[in-house]
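Have a look at the structure below before the remarks.
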Amino acid sequence: MRERSLSFLQTLVNTPSPSGNETRGQRVWLDYARPYAEETFSDAYGNCVAVLNKGGSPRLMLAAHADEIAMAVNYINDDGYIYVRRLGGIDAAITKAQRVVVHSRNGPVKGVVGNVAPHLTKADKERKLPQIHDLFIDIGVGSRKEAGKLVQIGDPITLADEFELLRNDLAVARAFDNRIGTFAVAEALRLVHGAKRRLNAEICAVSNIMEETGLLGARQIAYSLKPDVAVVVDVTHATDYPTVDKPQHGDVKIGKGPTLTHGGCNHREVVSRLEAVAKENKIDLQHEAMSATSGTDTDVIFWTRGGIPSALISLPNRYMHSPVELVSLKDLEKIPQLLASFAFSLRRGEEFKVKI
């Protein structure tokens, strides 16, 4: 991967962006995208957009969500221990015994999620999986009053794990879901900006908010932008490790390229064009099927304003919603290449409609 791009990815992943509190990460994204855009802006809630070839046609939205799963301060007991609420799909069982950061109005506050030593639980006949309300955070204070000087109810909390190269092209981090998506749409903008090819479409690269808590930012920005076609980038479950049932969850491998999803909200003509573009540019794709929903922003973008033709491209990700999400950087590099090639394939005024 290009050194500057890798540095951007690492900074983006390491910058805390808990759902509903994405501002810091959005600033990183806008600063990177700005040189490759004619216009950048953010809306009332913090969705960010970078526009290239303004006034072109059709209007193509390349969208990904900026937020990561997190927790929030919910209660502080008399001894200064913090109890939490969930922001998105955080797993209480693997959050125990983790280092965390509480993002207070006065700056970061370090803490740890408490875990009772096994010596003190030997008498327990059955160890139950913890619920989110069972977790407590120790920030090193002795009273509610002392804790209240550092944090307050509602402050977001993220895990402290950061980006690390594991081996070869494999990388691990806590927040590839979905900083790889916002990385990919910004990189696609860079590739199009630097190419000496005719571009008909207007490209709106979008880093949207609050996907993990209800696909909320995508609803806002898709309604505002009124795109003619949209491509969403997110992560998907790699199923190439022990105990995962492939007949149930599909066959998706790390290192075999991004996936293209079929069915439901994924418009068949947009999907077909992406397949053709990938084949023409020798970009390896894997394929996924869906039934009712995709679990991504595609689910809400496609029905906005009477229907926006949409498609979903995903990066295989092992151990999703954990501190050790694992992806292939080679797989990731193929996504901006595919997005840029798709953008160049669009004819002026082109519409995507199902053929009846």
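When a residue number appears, it is its place in the shown sequence, counting from 1. Note that the structure is a prediction, hence the values are computed from the model and not measured. Basis for what follows: all heavy atoms, side chains included, without hydrogens, waters or symmetry-related copies.
- The closest side-chain donor-acceptor pair between Thr304 and Arg219, if any, does not fall under 3.5 angstrom.
- Under the side chain to side chain donor-acceptor pair (under 3.5 Å) criterion, Asp155 pairs with Arg105, not counting sequence neighbours.
- In this structure Phe344 satisfies the ring-ring contact (aromatic ring centres under 6.0 Å, His included) test with no other residue, sequence neighbours excluded.
- For the residue pair Glu288 / Thr259, a side-chain donor-acceptor distance below 3.5 Å is found, with atom types taken as modelled.
- With salt bridges taken as basic N to acidic carboxylate O contacts below 4.0 Å, none links Glu212 and Arg86.
- Scored by the ring-ring contact (aromatic ring centres under 6.0 Å, His included) test, Tyr32 finds Phe8, Tyr36 as partners (sequence neighbours excluded).
- Glu333 has no carboxylate O lying under 4.0 Å from a charged side-chain N of Lys330, or vice versa, which leaves the two without a salt bridge.
- Side-chain atoms of Thr261 and Asn266 form no donor-acceptor pair, as typed in the model, at a separation below 3.5 Å.
- For the ring-ring contact (aromatic ring centres under 6.0 Å, His included) test, no residue two or more places apart in sequence or in another chain qualifies with His249.
- Defined by atom type and a distance below 3.5 Å, a donor-acceptor pair is present between the side-chain atoms of Asp297 and Asn208.
- Between Asn53 and Glu202, the side chains place no donor N or O within less than 3.5 Å of an acceptor N or O (distance only, hydrogens not considered).
- With no hydrogens or angles considered, a side-chain donor-acceptor pair links Asp67 and Ser19 at under 3.5 Å.
- With side-chain heavy atoms closer than 4.5 Å counting as contact, directly or through intermediates, Val252 stands alone and belongs to no larger hydrophobic cluster.
- Contacts of Asp299 classified as side chain to side chain donor-acceptor pair (under 3.5 Å), with partners at least two apart in sequence or in another chain: Ser294.
- One finds the CD atom of Gln10 at 13.0 Å from the CZ atom of Arg179 (value rounded to the nearest 0.5 Å).
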